Structures are given as C-alpha cells and as structure tokens.
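Data block below; observations after.
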Amino acid sequence: MNQTKINPAVLRLLVIFPNVLSYMLLLGVIIYIITNFAALKAANGLTFWLILVIILGPMAIYTTYSIVKRIKAGVL
C-alpha cells in the first residue's frame with residue numbers, strides 16, 4: 001500500500017501550533033491571576049490558580065525544549 005507522506009513543513013506546524021497555544025493559555029491564566037488577585041485571595045481560590053501556573057509553566061518549557069531538540073536533530 002502507498003502511504004502518503006506529510007510535508008515536513010505541515011508536520012512542524014502541527015507540532016508547534018499546540019505548543020504556542022499552551023503558552024497563550026499560560027499567559028491568559030497569569031493575566032487572570034493578576035487582574036483578579038484580590039478576589040481570588042478573598043475567596044481562597046488563589047492556591048488553585050498558582051498550582052495551575054506551577055504545573056503548566058514547566059510543561060510548556062519542556063515541550064518547547066523537546067520540539068527544538070527534535071528539529072535540530074532533523075527528526076521533525
């Protein structure tokens with residue numbers, strides 16, 4: 001059977017786009033915390049949002065590192 005190959009540029013786009021979305025999500029959560037800091041602190045909801053940032057930040061950075069490493073190695 002003939003399998004069609006994905007164009008490398010399209011493959012990179014499919015890999016990089018979700019990574020960009022993760023940074024946008026992280027930035028949105030940080031902006032939400034900054035703009036609603038007093039309300040979150042009063043409602044005891046600040047802990048959840050800070051834990052979310054602490055989890056999302058390293059995940060986004062590691063994913064970026066892994067993608068860059070694969071692109072440099074020529075896998076992507």
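Everything numeric here is computed off the predicted structure, so don't read it as measured data. Atom set for the values below is all heavy atoms of this structure, side chains included, hydrogens, waters and symmetry mates excluded.
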Is there a side-chain contact between Leu50 and Leu46 in this structure, where contact means two heavy atoms from C-beta onward sitting under 4.5 Å apart? yes
Identify whether Phe48 and Phe37 are in the same connected component of the hydrophobic contact network (ILVMFWY, side-chain heavy atoms under 4.5 Å). yes
Same cluster or not: Val10 versus Val20, using hydrophobic residues (I, L, V, M, F, W, Y) connected whenever any side-chain heavy atoms lie under 4.5 Å apart? yes
Would you say Phe17 ends up clustered with Val15 if hydrophobic residues are merged whenever their side chains have heavy atoms under 4.5 Å apart, either directly or through other cluster members? yes
Residue pair Thr63 / Asn19, side-chain donor-acceptor N/O under 3.5 Å: no
Are Leu56 and Leu40 in one and the same hydrophobic cluster, where Ile, Leu, Val, Met, Phe, Trp and Tyr link if side-chain heavy atoms are under 4.5 Å apart? yes
When clusters are formed from ILVMFWY side-chain contacts under 4.5 Å, directly or step by step, what else is grouped with Ile51? Ile55, Met59
Hey, what do you get for OG (Ser22) to CG (Leu27), rounding to the nearest 0.5 Å? 11.0 Å
Does the side chain to side chain contact (heavy atoms under 4.5 Å, CB included) test come out yes or no for Tyr62 and Ile67, once each step is laid out? CA-CA 9 Å; Tyr62 177 74; Ile67 290 171; over 6 Å; no
Nearest 0.5 angstrom please: Leu52 CG to Thr47 OG1, how far? 12.5 Å
Hits for ring pair (Phe, Tyr, Trp, His ring centres under 6.0 Å) against Tyr32, two or more places apart or cross-chain, chain-then-number order -> Trp49
Cluster link Tyr65 to Leu25, ILVMFWY, side chain under 4.5 Å: no
Nearest-0.5 Å distance, CD1 of residue Ile31 to CG of residue Leu26: 10.0 Å
